[in-house]
Asker: 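Got a structure here, written out as structure tokens. Questions coming.
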Amino acid sequence: MFPSWVTGMTVSRTGRYRTIVYAGFSLWTIGCGCLSTVTQSTPRALLVFYMLLAGVGTGQTTQTTTVAAQASVSRKDMSVVTAVKNFAQLLGGTLSLPVASLLINNSLRTALSSLSLTSSAITTIINDPIILGPSTSISQLDSLGLTPSQASYALTRGYTAGFKSVFILNACLAGVATVSSIFMIKHKELMRGDEQKLRAEARQVLENGGNGEKGGSKQPSSDSQVPETVNDALGVHVEMGSMLSPVFHVDHGLSGC
């Protein structure tokens with residue numbers, strides 16, 4: 001959360017986001033690569049450092065890529081591109097979860113198979129890995145053909161190899177994202193130059209709306225049109241025909257009666 005907040009403040013003050021995206025994906029790649037080297041003997045402080053490295057990279061890219069996508073399109077398409085970006089992000093997480101689960105379960109199955117266990121015992125353990133924990137009784141392990149030392153070996157070996165494969169996959173995907181961002185993300189100014197004009201037009205519309213409530217509603221000519229910039233200033237896309245009805249009523253917005 002803190003890296004994401006710092007990144008947001010930096011983008012707001014400088015208007016620059018490409019370097020942050022590049023650095024974020026790079027740190028994410030390095031962090032996942034380092035996490036793939038973790039073993040049972042890895043110092044806890046080093047493990048925390050690896051996790052912070054990956055977390056900082058994640059925080060630098062999650063929201064900044066949304067800013068980059070929004071800056072690349074017109075105002076009327078911002079909601080669409082934001083929805084597509086969030087959908088792609090959620091879809092990636094949805095697909096990655098079963099892939100990671102498959103890698104871990106296959107690694108655990110390989111470790112258990114090396115102990116010459118029956119297929120039914122392996123299936124039972126994979127469905128309930130808590131059996132390999134220290135709280136499991138010796139009699140329950142015996143029923144599966146395991147000793148406490150074998151259970152500890154399967155737990156350590158299986159999950160270490162499984163998570164190593166998962167983080168290698170994450171590092172590869174983050175590396176692809178790094179290279180893709182360098183070639184695909186082009187800098188666009190966040191300030192488009194017409195903000196003051198749109199604010200003035202929106203303020204004018206609101207003032208006219210206030211007068212309309214007091215009985216001073218306007219009667220526009222039949223061939224008048226609502227300016228597109230006013231719709232943009234209000235942040236609402238209003239589709240209207242080229243002809244308006246003779247009566248035009250303003251009430252906290254634009255509506256044709």
Asker: Have a look at T64 and tell me which of T19, I20, T10 forms a side chain to side chain contact (heavy atoms under 4.5 Å, CB included) with it.
Answerer: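 Option passing the side chain to side chain contact (heavy atoms under 4.5 Å, CB included) with T64: I20.
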Asker: So which atom in G57 and which in T61 form the shortest heavy-atom distance, rounded to 0.1 Å?
Answerer: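 Heavy-atom minimum between the residues: O-OG1, 3.2 Å.
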Asker: T37 side chain to C34 main-chain N or O, any donor-acceptor pair under 3.5 Å?
Answerer: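 Judged by distance alone, yes, a pair lies under 3.5 Å.
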Asker: Please report the interatomic distance OG1(T66) to CG(N86), rounded to the nearest 0.5 Å.
Answerer: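 Here the rounded value is 5.5 Å.
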Asker: Determine whether V38 and M51 fall in the same hydrophobic cluster, where Ile, Leu, Val, Met, Phe, Trp and Tyr are linked whenever their side-chain heavy atoms lie under 4.5 Å apart.
Answerer: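 Looking at the clustering, M51 is in the same group as V38.
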Asker: Does atom CD1 of I130 have more than 12 heavy-atom neighbours from other groups under 6.0 Å away?
Answerer: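 Counting other residues, nucleotides and ligands, CD1 of I130 stays at 12 neighbours or fewer.
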Asker: Measure across A111 and S114 and return the closest heavy-atom pair with its distance rounded to 0.1 Å.
Answerer: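 Heavy atoms of A111 and S114 come nearest at O-OG, 2.5 Å.
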Asker: Short question: side chain of S113, backbone of R109 - any donor-acceptor pair under 3.5 Å?
Answerer: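 Checked: pair present.
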Asker: Atom CG in L53, atom OG1 in T58: separation rounded to 0.5 Å?
Answerer: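 Rounded to the nearest 0.5 Å, the CG-OG1 separation comes out at 9.5 Å.
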Asker: With clusters defined by side-chain heavy atoms of hydrophobic residues (ILVMFWY) lying less than 4.5 Å apart, directly or transitively, does I125 cluster with L102?
Answerer: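 No; tracing contacts between hydrophobic side chains, which count when under 4.5 Å, never links both residues.
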Asker: Which atom pair, heavy atoms only, marks the closest approach of L141 to A151?
Answerer: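 Scanning both residues completely, I find the closest heavy atoms to be CD2-CB, 4.2 Å.
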Asker: Given side chains that start at C-beta, do those of L35 and L47 come closer than 4.5 Å, heavy atoms only?
Answerer: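 Yes, their side chains come closer than 4.5 Å.
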Asker: So which atom in G145 and which in L117 form the shortest heavy-atom distance, rounded to 0.1 Å?
Answerer: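 What the structure gives for the nearest pair is O-CD2, 3.4 Å.
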Asker: Can you tell me how far OG of S72 sits from CG of D77, rounded to the nearest 0.5 angstrom?
Answerer: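 Going from the CG atom of D77 to the OG atom of S72 covers 11.5 Å.
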Asker: Same cluster or not: are L173 and Y22 linked, directly or through other Ile, Leu, Val, Met, Phe, Trp or Tyr residues, by side-chain heavy atoms under 4.5 angstrom apart?
Answerer: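 Hydrophobic grouping puts L173 apart from Y22.
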Asker: What's the separation between atom CD in E201 and atom CD in Q204, rounded to the nearest 0.5 Å?
Answerer: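 Between E201 CD and Q204 CD, I get 9.5 Å after rounding to 0.5 Å.
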Asker: Return the minimal non-hydrogen interatomic distance between T39 and T42, and the atom names on each side.
Answerer: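 The answer is N-OG1, 2.8 Å.
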Asker: Are F25 and Y50 linked, directly or through other ILVMFWY residues, by side chains that come within less than 4.5 angstrom of each other?
Answerer: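 F25 does not cluster with Y50.
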Asker: Does CZ belonging to R157 count more than 12 external heavy atoms closer than 6.0 Å?
Answerer: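 Counting other residues, nucleotides and ligands, CZ of R157 stays at 12 neighbours or fewer.
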Asker: Are L108 and F167 linked, directly or through intermediate hydrophobic residues, by side-chain heavy-atom contacts shorter than 4.5 Å (ILVMFWY only)?
Answerer: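 Yes, same cluster.
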Asker: Return the OH to CG distance between Y159 and N105, rounded to the nearest 0.5 Å.
Answerer: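 One finds 6.5 Å between OH of Y159 and CG of N105.
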Asker: Between NZ of K85 and OG1 of T65, what distance do you get to the nearest 0.5 Å?
Answerer: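 Output value for this atom pair is 3.5 Å.
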Asker: Is the number of heavy atoms from other residues, nucleotides or ligands within 6.0 Å of CD1 (I138) greater than 12?
Answerer: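 Open: at most 12 neighbouring heavy atoms sit under 6.0 Å from CD1 of I138.
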Asker: Are L146 and I131 packed together at the side-chain level, in the sense that at least one heavy-atom pair is separated by less than 4.5 angstrom?
Answerer: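 Of all side-chain heavy-atom pairs linking I131 with L146, none is under 4.5 Å.
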Asker: Quick one: do T178 and W28 satisfy side chain to side chain contact (heavy atoms under 4.5 Å, CB included)? Show the steps, please.
Answerer: CA-CA 9 Å; T178 303; W28 199 351; over 6 Å; no
Asker: Which atom names give the shortest non-hydrogen contact between I168 and S36, and what distance separates them?
Answerer: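 Minimum heavy-atom contact is CG1-CB, 3.7 Å.
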